[in-house]
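Structure record follows, encoded as structure tokens.
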2 protein chains.
Amino acid sequence: MNTFTEENYLKAIYHLSTQSESVSTNQIAASLNTKAASVTDMLKKLAEKELINYARYQGVTLSQKGEKVALSIVRKHRLWEYFLVEKLNFKWDEVHEVAEELEHISSRELVDRLDEFMGHPKYDPHGDPIPDKNGHFKANELKPVSSLLVDTVGIISGVREHSPAFLQHLEKIKLVIGKKIKVCDINSYDHSITLLLEDELLYISRDVANNLLITL
Amino acid sequence: MNTFTEENYLKAIYHLSTQSESVSTNQIAASLNTKAASVTDMLKKLAEKELINYARYQGVTLSQKGEKVALSIVRKHRLWEYFLVEKLNFKWDEVHEVAEELEHISSRELVDRLDEFMGHPKYDPHGDPIPDKNGHFKANELKPVSSLLVDTVGIISGVREHSPAFLQHLEKIKLVIGKKIKVCDINSYDHSITLLLEDELLYISRDVANNLLITL
DNA sequence: TAAAAAATTTAGATTAGTCTAAAATTCAAA
DNA sequence: TTTGAATTTTAGACTAATCTAAATTTTTTA
Ligand SMILES: [Mn+2]
Ligand SMILES: [Mn+2]
Ligand SMILES: [Mn+2]
Ligand SMILES: [Mn+2]
């Protein structure tokens, strides 16, 4: 159907589209670790196949067809991540790279049965929503911990940054998905935050607070 | 490490090597649905990487290094097939195509954990042995039903032909792996065979008998 | 609003894998 | 053992995806 590479472009455009309406050539190049010239070539090809809306120099949006493909890749990526963590005991910082490969396995039957096997999970190990077989999902209303006021209480529900280093750090300090936290103090100089987590005080940097997401 | 295509060539050479010592360009071309000229190009590349022993016009054998790679692909293929049948309820005739894709997922960790998750199965759904993480396996002593004498008793343990059509046919007549059979009669004109299977008589053609393997 | 800077596209190459057609080699008869 | 057939390799081309360098367009800023 579509090549491995085409799928990666569509996925990249999809993710970038959640940030800004239209996506630029340079944004795509950066996110795929490739060069702008290569991106332009591929955009022509994807436009030819009507997977994107593209006009020279004007940026890109996904067509309906393209979004459908992108969502199916995202669905597969997140379902496989869930499988790796829940069934094969991978850690949440170990699954992304493997899922980058697994998401390109084409069998529709496979992904739907995998979904069924796991009981139709709604969120992946990083708190990201898993689209259903029709591409539908409801995203949680997430706020970065850095945006909260003192005394706010919330549940850790997602991350903004997916690097193994960050995820390992969170795990080490037990700040994992599902935990309840309360903001105890915000340092007005460096914006570091003191949290209450299971009766213990925990200091986190502004950087960590920025990339940690909660539901109220 | 190696490309998808290189892996498929190594696997094809591996399987062909179980039939004849040295493998020919044309055999590989036929098994991969490609042309002899393309095969020659790839053989040069694989020889360059020391994955095969190759001398112009002389046929090919796998090097130790090449065999190791081939065995890891075969291991993955068969483990995934087992997973699909045992965990996701695929039928034995539906798994091969999907496994053709899954076998190229590179993570060593993934395949070893999958193996563990399933309890280190020894045989895939078609009765083929699954190499362990070191590439070792013991093949059953298999005989085609067509080679048996009247009154021989055996257990269905493998197939020589893996086409969905053949597998579906076997399933329909309940001739599946593990079943006990007894040869009741061999027709001397067309070599069709009458079997006893769970107190019922079953007629199979020479063709089926040829592709159905048993252990004594 | 006219440079200058930044972003994007085009031009021209490169690499992997494939093909057809032609040449070379091996094998099998006669 | 020569000749013809079959097999295999080489030559030359093509496509997908990538790159660098140069040209073009858009955006910024003075
Ligand atoms: Mn991921
Ligand atoms: Mn994830
Ligand atoms: Mn198979
Ligand atoms: Mn099999």
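Here is how names work: the chains are called A, B, and so on, in the same order as the sequence lines, proteins then strands, and each is numbered from 1.
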Do A:Tyr57 side-chain and D:dT24 base share a donor-acceptor contact under 3.5 Å? yes
Select base, sugar-phosphate, or nothing to describe what [X] touches, counting heavy atoms under 4.0 Å on all strands.
| X | answer |
| --- | --- |
| B:Phe4 | nothing |
| B:Ser38 | base |
| B:Gln27 | nothing |

Any side-chain N or O of B:Lys44 less than 4.0 Å from the OP1 or OP2 oxygen of D:dT10? yes
Side-chain N or O of B:Thr5 less than 4.0 angstrom from OP1 or OP2 on C:dA16? no
Name the closest nucleotide to the [X] side chain, picking from [options].
| X | options | value |
| --- | --- | --- |
| A:Lys35 | D:dT8, D:dA11, D:dT20 | D:dT20 |
| A:Asp41 | D:dT18, C:dT8, C:dT9 | D:dT18 |
| A:Arg56 | C:dT10, C:dC19, D:dT8 | C:dT10 |
| B:Asn26 | C:dT26, C:dT9, D:dT8 | D:dT8 |
| B:Thr34 | C:dT25, C:dC19, D:dT26 | C:dC19 |

In whole angstrom, give the distance that lies between atom CG of A:Leu43 and atom P of C:dT9. 7 Å
Atom-to-atom span, OH of B:Tyr54 to P of C:dT25 - whole angstrom: 13 Å
